[in-house]
Amino acid sequence: MGRHRRQQRARGRRSGRAPDAHRRRTRFHPVRPDHHPPNRSPRVPAESNVMTSTSMRTHQCGELRPEHIGQQVTLTGWVATRREHGEKLAFIDVRDHTGVTQAVVDNTVDVRSEYVVRVTGTVAARPTENLNEKLATGGIELQDCTVDILNVAEAPPFPVSERADQVAENTRLQYRFIDIRRERMQRNLRLRAAINSAIRTSMEDQGFVEVETPMLVPSTPEGAREFIVPSRQQPGSFYALPQSPQLFKQLLMVAGIDRYYQIARCLRDEDLRADRQYEFMQLDAEMSFVDQLDVHEAIGACVVAAAKAAGQDPGEIIKITWHEAMNRFGSDKPDLRFGMELTELTDVFAATEFKAFAGAATIKGINAAGKADDYGRNKLDGMTDKAKKMGAKGLVWLKVAADGTLESPVAKFLGEAEQAALKSALSAQPGDLLLIVADEWATTCEVLGTLRNDIGRPPVYEGPYRYLWVIDFPMFVGVDAVSGHPIPAHHPFTRPHPDDLHLLETDPMNVRSQAYDLVLNGWELGSGSIRIHEHELQARIFTILGISDEEAQKKFGFFLNPFRYGAPPHGGFAFGIDRLVAVLAGEENIREIIAFPKTQSGMDPMTNAPTPVVQKQLDELGIRVLPPKA
RNA sequence: GGUCCCGUGGUGAAGUGGAGUUCACGCCGGCCUGUCAAGCCGGAGGUCGCGGGUUCGAACCCCGUCGGGACCGCCA
């Protein structure tokens with residue numbers, strides 16, 4: 001740019017208005033190549049043919065093709081880049097969420113990065129030697145352009161491109177309104193919208209009725225920590241924000257809604273993670289007169305619809321029992337994309353003289369095929385530490401040498417026959433790394449399951465997508481050391497497995513429940529259960545849990561009493577939409593598919609929430625803030 | 001509540017006791033008529049998160065603190 005541009009800038013600034021005067025002829029233009037990392041997220045399906053022209057534009061920046069050649073069009077958007085070629089020629093790329101188009105302009109047009117512009121010009125074929133195959137609009141450009149500056153812009157803090165993937169996330173969140181201009185965020189948010197839409201359509205096609213439940217609800221201190229909201233009219237009393245619509249949706253079954261759903265915002269005041277935010281969205285559903293197969297079918301259809309909205313066909317959703325999941329994968333949310341299954345070795349070492357193995361309840365191993373060279377002493381020690389932290393007494397590792405012998409500190413304690421049986425059981429080949437744990441069944445499974453994930457789990461954006469139902473969860477997860485009562489694995493309204501009812505009092509730890517999880521590539525998408533609808537069974541469960549009638553009445557009275565008025569058999573499910581979208585988008589972190597997420601410490605770098613409030617607000621609520629702890 | 005990692009011009013990085021030094025991008029100015037992450041030349045821009053300590057001397061070592069991230073606990 002030269003003199004002209006400088007002068008125009010000066011004039012525009014002096015007058016303090018958008019420089020309408022900047023109408024310049026240009027020639028034409030293309031779209032910036034949409035960055036799309038290989039094996040990354042799916043593209044949002046083609047948008048419908050809705051009319052997106054407005055009084056200010058005729059087309060969007062990603063839609064012009066050679067078939068439009070000769071038409072006069074008007075585009076609106078942001079200046080993505082400017083390439084100058086002397087006083088008479090410059091190229092500007094105009095961007096909106098659909099893509100970019102190259103406009104050929106007179107270099108006296110003073111537009112800079114992220115200026116908001118309207119460009120009117122004639123669609124023209126690019127010279128054949130100047131086609132840009134990286135751009136969807138790379139066959140054309142706008143020529144004879146008039147450029148209106150609709151707004152000026154300061155230089156953005158980071159580039160509005162895939163290069164900002166390298167920028168500190170905190171900076172991206174602080175300027176989220178710029179970050180979301182990027183193709184990645186546009187794609188993620190639009191994918192999310194498409195999935196939400198598919199979920200609604202699927203649920204409604206299946207006769208589910210959307211009912212909205214309150215955000216201000218009574219506090220029920222079981223389970224996750226709640227956000228509480230002080231009541232102004234009842235000083236000293238508080239609402240809670242819902243962890244889930246659980247109680248309301250069950251009452252809707254009593255109320256004869258029959259099939260309820262809601263895309264519900266849920267809030268939990270627990271520490272944040274890559275897959276957890278304070279507030280998150282769930283597809284929440286409940287059905288009357290069903291068994292768990294009915295629920296699996298309905299929710300499965302909904303998830304399939306969501307996957308198809310992301311351009312995928314998930315195929316059949318398989319089912320395995322919790323026990324099988326633990327036994328084979330050492331996890332209740334197994335990632336089925338890779339093998340390395342847990343192999344039973346208890347019999348192999350039944351008569352061993354190796355003290356660490358002798359008498360162990362369960363001995364299992366995994367074969368990290370070909371990984372022997374990847375795991376040196378440091379990493380192996382680290383894995384051993386991890387195993388011990390998880391409660392195992394130790395971890396045995398063996399490397400298979402080129403000649404087939406086992407290299408390990410403990411090899412000398414294992415007999416030849418044992419070594420041969422071990423190699424056979426694990427199909428060991430030279431270069432393999434074998435890991436063995438001998439302990440209680442649960443510990444053995446969990447430790448090896450964790451190591452299996454650590455060693456073998458592919459990145460989230462690597463397919464295929466493997467959905468599964470994990471069914472027959474145990475009713476109880478352990479026994480309270482103080483009270484001696486069993487600890488429920490799910491909420492206390494979960495229905496026991498009908499075949500195990502007789503064991504409730506005598507052998508509670510072997511009672512299965514009618515609870516189930518939906519798992520995708522190692523992510524727990526959600527869980528549900530058939531509920532208890534009869535008063536007698538509920539009372540029996542409370543007795544087993546050590547909850548007195550009085551206590552039950554006090555804690556859950558508003559929920560239990562309605563069940564006396566004709567509660568139908570019912571069950572339901574809820575799955576986290578954020579997690580589903582993240583996996584389908586190929587994102588490791590749900591913040592990438594949320595427009596305005598919180599950081600790990602629960603803050604929003606853009607709004608600076610949470611903030612102190614003025615004293616008057618506290619006074620009205622009868623709240624006094626204590627000084628910080630020393 | 002805990003473990004570990006990270007804070008250096010607008011952005012990303014390099015700098016492990018000796019001058020705010022370096023690189024790329026961006027920004028500002030100049031040149032440039034077919035670029036498309038244009039190119040070439042020049043320039044500006046920093047309280048090395050903050051506070052304290054050690055040292056003749058600290059971006060660098062120590063302590064604290066704030067902010068960010070991963071994980072454990074937690075998430076019926």
Side-chain angles (χ1 to χ4, degrees), chain A residues 1-3 5-6 9 27-33 35 80-93 100-107 112-114 126-135 137-138 141 143 154-175 178 220-226 243-244 246 266-278 280 382 385-386 389-390 450 454 473 475-477 487-494 513 515 524 527 529 545 547 555-556 576 588-589 591 598-603 605 608:
Chain A
M1 97 183 47
R3 251 161 295 151
R5 180 164 169 182
R6 211 165 42 241
R9 280 171 71 74
R27 202 147 318 154
F28 65 87
H29 130 315
V31 176
R32 157 171 302 247
H35 173 67
T81 60
R82 172 194 183 94
R83 296 176 293 277
E84 300 175 6
H85 292 269
E87 203 167 346
K88 297 291 185 192
L89 175 67
F91 302 96
I92 59 176
D93 290 351
V100 303
T101 299
Q102 174 169 275
V104 184
V105 302
D106 185 298
N107 200 3
R112 299 177 183 224
S113 257
E114 301 307 312
R126 291 188 180 208
T128 39
E129 66 274 22
N130 290 320
L131 301 178
N132 187 340
E133 291 178 1
K134 290 187 283 185
L135 289 184
T137 61
E141 62 188 6
Q143 297 182 348
E154 293 181 21
F158 49 79
V160 184
S161 74
E162 73 284 356
R163 280 175 290 177
D165 289 344
Q166 308 307 315
V167 172
E169 191 189 9
N170 209 47
T171 306
R172 292 175 52 208
L173 292 180
Q174 189 180 347
Y175 297 91
I178 296 172
T220 51
E222 284 71 30
R225 186 182 293 117
E226 301 170 317
Q243 304 170 34
S244 87
Q246 181 68 32
C266 305
L267 298 104
R268 295 178 187 173
D269 187 6
E270 298 290 350
D271 287 358
L272 278 37
R273 286 278 200 289
D275 62 351
R276 283 166 21 194
Q277 283 275 303
Y278 282 151
F280 57 99
D385 285 347
K386 189 162 189 172
K389 273 183 192 162
M390 293 183 67
T450 299
D454 288 351
F473 269 75
M475 189 82 181
F476 306 102
V477 290
I487 302 165
H490 295 270
H491 60 65
F493 319 116
T494 304
S513 67
E524 179 192 324
S527 58
S529 63
L545 296 177
I547 299 173
K555 282 184 173 171
F556 308 113
E588 304 271 2
N589 194 308
R591 294 190 293 268
K598 305 278 190 296
T599 66
Q600 198 170 57
S601 57
M603 303 207 296
N608 286 322

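Sequence lines set the chain letters: A, B, ... in the order given, protein chains first and strands last, and positions in each chain run from 1. Everything quoted here is computed from the prediction, not taken from an experiment.
- Scored by the side-chain contact (heavy atoms from CB on, under 4.5 Å) test, A:E114 finds A:W78, A:R95, A:A153, A:P156, A:V160, A:R181 as partners (sequence neighbours excluded).
- Within the nucleic acid shown, A:T494 has no heavy atom closer than 4.0 Å to any nucleic acid atom.
- Partners of A:K389 according to the salt bridge (charged side-chain N to carboxylate O under 4.0 Å, His left out) rule, which considers only residues two or more places apart in sequence or in another chain, do not exist here.
- Between A:F473 atom CZ and B:A76 atom P the separation is 13 Å, expressed in whole Å.
- For B:G73, the base has a donor-acceptor partner in the side chain of A:R273 [N/O atoms by modelled type, under 3.5 angstrom].
- If you check every strand for non-hydrogen atoms under 4.0 Å, A:A489 touches sugar and phosphate atoms only.
- Residues satisfying the ring-ring contact (aromatic ring centres under 6.0 Å, His included) test with A:F493, not counting sequence neighbours, are A:H491, A:F556, A:F559.
- Here the side chain of A:T599 is nearest to one of B:G68, B:G34, B:U35, namely B:G68.
- Considering only residues two or more places apart in sequence or on other chains, A:S529 meets the side chain to side chain donor-acceptor pair (under 3.5 Å) condition with A:R531.
- For B:C31, the paired base is B:G39 (Watson-Crick or G-U wobble, both distances below 3.5 Å).
- The distance from atom CD1 of A:I487 to atom P of B:C75 is 11 Å, rounded to the nearest whole Å.
- Contacts of A:R225 classified as salt bridge (charged side-chain N to carboxylate O under 4.0 Å, His left out), with partners at least two apart in sequence or in another chain: A:E270.
- Picking from B:G67, B:C75, B:U33 the nucleotide with the shortest atom distance to the side chain of A:K88 gives B:U33.
- A:L272 comes within 4.0 angstrom of nothing in the nucleic acid, heavy atoms only.
- Side chain of A:S513 to main chain of A:F473: a donor-acceptor pair is present (N/O by atom type, distance under 3.5 Å, no hydrogens or angles).
- Atom CZ of A:F556 is separated from atom P of B:A76 by 13 Å (rounded to the nearest Å).
- For A:S601, counting side-chain heavy atoms from C-beta on, the closest listed nucleotide (B:U35, B:A70, B:G67) is B:G67.
- For A:N132 against B:C36, a side-chain-to-base donor-acceptor contact under 3.5 Å is present.
- Distance CZ (A:R83) to C1' (B:G34): 10 Å, rounded to an integer number of Å.
- At a threshold of 4.0 angstrom between heavy atoms, the contacts of A:R172 with the nucleic acid are absent.
- As rounded to whole Å, 15 Å separates atom C1' of B:C74 from atom CD of A:E226.
- Atom CD in A:Q246 sits about 16 Å away from atom P in B:C75, given to the nearest Å.
- The A:N130 side chain lies nearest to B:G34 when the options are B:A76, B:G34, B:G29.
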Polar atoms only, N or O, under 3.5 Å: list the protein pairs with nucleotides 64-66 of chain B and their distances.
none

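- Atom C1' of nucleotide B:A70 and atom CG of A:D275 are separated by 12 Å, given to the nearest angstrom.
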- Task: Can you check each nucleotide of nucleotides 9-15 of chain B against protein heavy atoms at under 4.0 Å and return B for base, S for sugar-phosphate only, - for none, in 5' to 3' order?
- Result: -SSS---
Can you give me the N/O atom pairs linking the protein to nucleotides 39-50 of chain B at distances under 3.5 Å, or say none if there are none?
none

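- No N or O donor and acceptor, one from the side chain of A:N170 and one from the base of B:G69, sit under 3.5 Å apart.
- Between the A:R82 side chain and the A:N107 main chain, a donor and an acceptor come within less than 3.5 Å of each other.
- Annotation: the span from A:K386 atom NZ to A:T450 atom OG1 amounts to 6.5 Å, rounded to 0.5 Å.
- A:S601 pairs by the side-chain contact (heavy atoms from CB on, under 4.5 Å) definition with A:T599, A:M603, not counting sequence neighbours.
- Residue side chain A:R276 reaches the base of B:C75 through a donor-acceptor N/O pair under 3.5 Å, judged by distance alone.
- Base pairing annotation: B:G20 forms no Watson-Crick or G-U wobble pair, as no partner gives both donor-acceptor distances under 3.5 Å.
- Residue A:H491 is classed as a base contact, given a heavy-atom separation below 4.0 Å to a base.
- Summarising the base pairing, B:U3 is matched to B:A70 through a Watson-Crick or G-U wobble pair whose two defining distances lie under 3.5 Å.
- No side-chain donor-acceptor contact under 3.5 Å links A:Q243 to the backbone of A:E226.
- Using a 4.0 Å heavy-atom distance criterion, A:N589 is classed as a sugar-phosphate-only contact.
- Under the Watson-Crick or G-U wobble criterion, with both distances below 3.5 Å, B:A58 has no partner in any strand shown.
- In this structure A:E524 satisfies the side chain to side chain donor-acceptor pair (under 3.5 Å) test with no other residue, sequence neighbours excluded.
- Partners of A:D271 according to the salt bridge (charged side-chain N to carboxylate O under 4.0 Å, His left out) rule, which considers only residues two or more places apart in sequence or in another chain, do not exist here.
- Checking B:G73, B:G69, B:C75 against the side-chain heavy atoms of A:A224 singles out B:C75 as nearest.
- The side chain of A:D271 has B:G1 as its nearest neighbour among B:A70, B:A76, B:G1.
- In this structure, CD of A:E270 is placed 14 Å from C1' of B:C72, rounded to the nearest angstrom.
- The nearest heavy atom of RNA chain B to A:R591 and to A:F493 marks one nucleotide each, and the one closer to the 5' end goes with A:R591.
- The salt bridge (charged side-chain N to carboxylate O under 4.0 Å, His left out) search around A:R172 returns A:D179, A:E592, not counting sequence neighbours.
- Here CZ of A:R268 is found 13.5 Å from CD of A:Q277. Values are rounded to the nearest 0.5 Å.
- Distances were taken from every side-chain heavy atom of A:D93 (C-beta onward) to each of B:C36, B:U33, B:G69; the shortest belongs to B:C36.
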